[in-house]
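Position 1 is the first residue of the sequence; numbering continues from there.
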Amino acid sequence: MGKRALVIDDSRAMRRVIANILTERGFEVLEAENGQVALDQLEANPGIEVALVDWNMPVMNGYDFIKAVRAQPKYARLTMMMVTTETEMSQVVRALAAGANEYVMKPFTADALVEKLELLGLL
């Protein structure tokens with residue numbers, strides 16, 4: 001079985017774009033439309049290696065999702081990448097301080113996303 005990724009974004013179109021990039025590179029992709037659904041997905045699907053997380057979502061945003069995940073030792077090895085339109089440097093710093101491993105700004109190219117995954121040792 002390939003690596004498992006969780007794509008968390010309230011935009012179905014954006015989830016599809018990211019999922020396609022990952023699937024082409026051998027990932028099994030699960031999706032969630034907000035942080036709360038994503039926490040349920042993590043619980044139900046052991047072995048997810050990377051979460052690609054949007055910042056601005058209803059119910060639970062990406063920042064709160066990252067904090068919630070990092071508060072649970074069982075997810076210590078989960079790699080998390082923010083994929084968001086938030087370009088404020090202070091937001092980037094907050095996300096990384098909360099436990100994000102990487103940060104990609106929207107709009108992004110497939111190459112930019114793949115490059116980050118390579119940097120993280122996932123490809």
Side-chain angles (χ1 to χ4, degrees):
M1 196 171 75
K3 293 180 178 156
R4 297 177 108 182
L6 178 58
V7 177
I8 310 158
D9 198 305
D10 55 333
S11 157
R12 178 172 288 147
M14 184 52 67
R15 290 199 309 267
R16 284 278 48 124
V17 167
I18 296 171
N20 288 340
I21 293 168
L22 293 170
T23 305
E24 283 171 11
R25 282 154 188 88
F27 281 89
E28 177 189 339
V29 179
L30 297 155
E31 299 182 19
E33 62 272 16
N34 64 58
Q36 188 56 59
V37 173
L39 287 174
D40 296 342
Q41 286 276 35
L42 279 181
E43 197 61 50
N45 298 283
I48 291 172
E49 291 181 57
V50 59
L52 295 93
V53 190
D54 184 26
W55 190 299
N56 299 302
M57 296 178 287
V59 187
M60 178 187 275
N61 68 31
Y63 178 74
D64 289 340
F65 168 78
I66 285 174
K67 286 200 313 192
V69 169
R70 288 299 181 227
Q72 299 185 57
K74 66 180 173 181
Y75 299 130
R77 298 186 57 210
L78 178 69
T79 299
M80 291 189 283
M81 182 175 0
M82 294 295 294
V83 183
T84 178
T85 52
E86 284 289 345
T87 54
E88 280 287 315
M89 210 55 222
S90 61
Q91 296 290 70
V92 175
V93 170
R94 272 181 70 207
L96 295 172
N101 301 88
E102 259 302 346
Y103 206 99
V104 177
M105 309 281 184
K106 292 178 189 171
F108 56 86
T109 62
D111 287 347
L113 195 64
V114 167
E115 196 175 292
K116 295 283 189 179
L117 290 166
E118 286 171 348
L119 268 174
L120 293 166
L122 292 160
L123 284 176

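- Between R16 and D9 there is no salt bridge, since no side-chain N of the basic residue sits under 4.0 Å from a carboxylate O of the acidic one.
- If you run side-chain hydrogen bond (donor to acceptor under 3.5 Å, both in side chains) between K106 and each of T84, D54, T85, only D54 comes through.
- Here the closest heavy-atom approach between residue A19 and residue V29 is recorded as CB-CG1, 3.7 Å.
- Closest approach of M60 and Q36 over heavy atoms only: CB-N, 3.6 Å.
- Geometrically, R4 does not engage F27 in a cation-pi contact, judged by NZ or CZ lying under 6.0 Å from the ring centre and within 45° of the ring axis.
- Residues T109 and V114 fail the side-chain proximity criterion, which asks for heavy atoms closer than 4.5 Å.
- Electrostatic pairing of R94 and E86 does not count as a salt bridge here, judged by no charged N lying under 4.0 Å from a carboxylate O.
- We find the CG-CG distance between N34 and N56 to be 13.0 Å, quoted to the nearest 0.5 Å.
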Checking side-chain hydrogen bond (donor to acceptor under 3.5 Å, both in side chains) for the pair Q91/Y103: CA distance, chi angles, key distance, verdict? CA-CA 10 Å; Q91 296 290 70; Y103 206 99; over 6 Å; no
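- In the hydrophobic clustering of this structure, V83 groups with L123; members are Ile, Leu, Val, Met, Phe, Trp, Tyr whose side-chain heavy atoms approach within less than 4.5 Å, directly or through other members.
- Inter-residue side-chain proximity for M80 and V69 is flagged as met; some heavy-atom pair is nearer than 4.5 Å.
- Note: L39 CG to I8 CD1 = 8.0 Å, rounded to the nearest 0.5 Å.
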